[in-house]
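The figures that follow rest on heavy atoms only: side chains count, while hydrogens, waters and symmetry mates do not.
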Amino acid sequence: MITNNFTSKKSRFQDTIFFILVLGLIIYTSSRAALLSLTCDEASTYFSHVPNSIWSCFFSESCWVDANNHLLNTFLMQVSIGIFGVSELTLRLPNLLGHLIYLIFSSLLVRRYSSSFWVGLAGFCLLNLNPFLIEFFSLARGYGLGVGWMMMSLYFLFRWVESGKLNLGIYCYVGAFLAVLSNFIFLNYWASATAIFIFFILEKHFFQENKNLKKPFLKSFGLPVFASLVLFFLLKNPIQFLQSKGEFVYGAESLVESFVGMVRASVMSQGYFNPFTTDVFVLLSLCLLGFSLLYGVFYFFKKRSNSFSKIHFAGVSLMVLMMLAMVVQYYLLDVKYLIGRKSTMLFPFFGWSVYLFLEFLFREKSKRWTVGFAILISVFSFNHFYRTFDLKETVEWDYDAYTKDMIQYLEKNLEDDERIDLGVFWIYGPASEFYQMHFSVEKVGKIIRLDKKDLKRRDTPEFIYIRKGQVNLTKDEYVLEKEFGIKGVLMKIP
């Protein structure tokens with residue numbers, strides 16, 4: 001009775017802490033969604049894809065002028081602005097929904113398998129406090145939305161591994177299906193989850209002695225086959241359209257480059273061990289993930305009937321399968337390794353694998369040392385989150401952090417009867433056009449997108465907004481009007 005009361009109190013305390021953390025994180029990403037200047041890719045999606053019918057995209061090539069059309073995200077953007085009107089927040093609302101889904105199911109996952117509050121807290125931090133991953137829940141792109149649906153799918157996948165119940169498998173594939181529609185990079189996850197499904201179906205068939213326990217898993221066998229066929233027929237044309245436009249040629253040239261890039265992105269330019277910060281965290285990550293993989297595989301075959309050993313094995317296997325999927329795509333389909341924003345779906349697998357290793361150590365090895373290590377991870381995670389807290393910029397599109405401010409500056413400082421044309425370096429074009437339209441800036445007439453060669457011409461507009469490193473290309477024709485952040489400068493003809 002004492003044990004039950006203690007467990008109940010621990011569970012309630014953990015739930016309270018998780019609720020506070022979830023609330024704080026959703027407030028943070030909502031604030032960023034409302035405050036961040038719209039980025040180039042977000043504005044491009046708004047202009048090029050939001051006006052179109054999503055249903056035509058399954059068979060019409062005209063729908064795929066570029067890869068910015070993340071289908072489910074685009075559709076939900078249409079719904080959001082149709083109900084609430086156009087603003088940064090409403091355009092980004094689908095990804096805030098993705099963050100809420102991610103937070104709920106990541107919390108449920110950790111809560112389900114944690115046997116210690118501190119190990120559970122470390123698991124929550126590993127899954128939810130990566131600052132690079134957090135950024136995408138505040139942007140109108142399909143990455144954050146897709147990661148949210150993927151986390152839902154993972155939760156039900158692990159539940160299915162435990163019981164083999166068909167309804168859990170269906171929920172898993174619903175989440176995976178929505179993730180893929182959010183962004184096609186999640187096809188890697190779909191393939192990996194399907195491999196896990198088939199493995200455990202076969203494992204139960206050949207090694208389960210209790211025939212009654214075989215039946216639920218065998219019923220699930222048609223699910224991955226049917227779901228994959230449906231997905232194939234839906235996405236065959238869109239993927240061919242994108243491949244014909246060379247949209248899959250961007251990325252890293254090796255698995256090592258991809259992994260190091262993910263670690264570097266997670267560090268977010270914080271110089272903890274300069275000049276070796278990235279190297280230190282790459283080594284630490286490899287050690288933790290490697291040990292988690294070794295123990296996960298070893299103990300699964302040693303204790304196949306143990307429920308947690310199955311979860312540990314499934315978790316690390318998913319991580320490995322995701323890596324292998326990239327290798328296969330690179331050599332067979334000439335699809336580059338994931339890097340930058342395209343690698344966002346991999347971060348939860350790394351965090352989950354490290355958490356599973358901590359949980360294994362707590363259950364099988366030293367509780368005291370494991371709790372100490374978990375506390376260290378938690379403290380570092382909160383400190384890292386604090387150091388990277390930012391309501392102004394986003395790493396992948398940092399150049400657009402002040403585009404909104406630049407347009408507002410012109411509206412405020414130009415004379416009432418003054419009308420100008422504004423030239424912008426091409427990466428600033430979509431966001432500048434969005435804010436000119438959104439704010440109804442009548443003082444700015446035409447916005448002209450410029451390449452580097454255009455900056456040397458004498459017929460360029462009265463004002464130009466360019467990158468700071470391009471000032472020397474215009475110094476004979478323009479003078480500095482105002483600097484915006486560390487990247488953008490507004491120039492004018494004297």
Side-chain angles (χ1 to χ4, degrees), residues 36-52 62-69 74 77-78 81 85-92 139-141 393-394 397-494:
L36 291 179
S37 176
L38 209 69
T39 66
C40 173
D41 284 11
E42 292 176 290
S44 295
T45 299
Y46 175 74
F47 285 120
S48 300
H49 301 295
V50 170
N52 301 329
S62 62
C63 199
W64 299 98
V65 294
D66 54 45
N68 275 334
N69 188 13
T74 302
M77 287 170 69
Q78 293 172 339
I81 64 175
V86 179
S87 69
E88 295 97 331
L89 181 61
T90 57
L91 288 171
R92 292 160 171 165
L139 300 173
R141 313 289 290 121
E393 297 185 9
T394 179
W397 297 274
D398 59 346
Y399 52 82
D400 260 324
Y402 293 87
T403 306
K404 176 180 179 180
D405 296 343
M406 180 270 296
I407 295 292
Q408 289 178 321
Y409 173 85
L410 288 172
E411 174 69 2
K412 180 180 179 181
N413 289 277
L414 291 174
E415 298 294 334
D416 290 340
D417 59 348
E418 192 173 0
R419 299 290 183 273
I420 66 157
D421 287 338
L422 173 66
V424 297
F425 187 54
W426 66 270
I427 58 173
Y428 299 117
S432 299
E433 292 165 7
F434 173 83
Y435 284 114
Q436 180 202 28
M437 181 182 70
H438 183 57
F439 293 138
S440 300
V441 181
E442 296 180 358
K443 295 178 183 179
V444 177
K446 191 191 310 180
I447 291 183
I448 304 167
R449 300 188 191 187
L450 306 173
D451 290 324
K452 280 187 178 181
K453 63 180 182 299
D454 297 322
L455 300 179
K456 299 180 180 180
R457 291 167 48 187
R458 296 186 177 276
D459 57 345
T460 45
E462 302 98 299
F463 284 80
I464 58 172
Y465 186 59
I466 58 176
R467 307 187 88 157
K468 188 173 292 187
Q470 297 167 336
V471 169
N472 63 319
L473 300 176
T474 65
K475 61 184 179 180
D476 294 333
E477 300 293 332
Y478 288 86
V479 296
L480 177 66
E481 171 70 14
K482 183 175 174 59
E483 293 186 10
F484 290 90
I486 62 173
K487 295 288 180 77
V489 290
L490 182 65
M491 310 286 289
K492 71 174 182 179
I493 295 177

Exercise. Quick one: CG on Asn52 to OG on Ser62, what's the gap to the nearest 0.5 Å?
Worked result: 7.0 Å
Exercise. Between His438 and Tyr435, how do the two ring planes meet: parallel, tilted or perpendicular, split at 30° and 60°?
Worked result: perpendicular
For this session: Answer whether the closest heavy-atom distance between the side chains of Tyr402 and Val489 falls below 4.5 Å.
Result: no
Problem set entry | Asn68 and its side-chain hydrogen bond (donor to acceptor under 3.5 Å, both in side chains) partner, picked from Glu42, His49, Arg141 | Arg141
Exercise. Does the side chain of Asp405 reach to within under 4.5 Å of the side chain of Leu410, using non-hydrogen atoms?
Worked result: no
Problem set entry | Chi angles and distances behind the ring pair (Phe, Tyr, Trp, His ring centres under 6.0 Å) call for Tyr465, Phe425 | CA-CA 6 Å; Tyr465 186 59; Phe425 187 54; over 10 Å; no
For this session: Taking the side chain as every heavy atom from C-beta outward, state whether Thr45 and Thr74 have any atom pair closer than 4.5 Å.
Result: yes
For this session: For the residue pair Thr403 and Asp400, confirm or rule out a side-chain donor-acceptor distance under 3.5 Å.
Result: yes
Problem set entry | Backbone of Trp64 reached by a side-chain donor or acceptor of Asn69 within 3.5 Å | no
For this session: List for me each residue that meets disulfide (SG to SG under 2.5 Å) alongside Cys40, sequence neighbours excluded, and say none if there are none.
Result: none
Problem set entry | Trp426 to Asp451 - nearest heavy-atom pair and separation | CD1-OD1, 3.6 Å
Exercise. Below 4.5 Å, heavy atoms only, C-beta onward: do Ile420 and Lys492 meet side chain to side chain?
Worked result: no
For this session: Could I get the full list of salt bridge (Lys or Arg N to Asp or Glu O under 4.0 Å) partners for Arg419, not counting sequence neighbours?
Result: none
For this session: Give the minimum heavy-atom separation between Pro494 and Glu477, together with the two atoms involved.
Result: CD-O, 3.4 Å
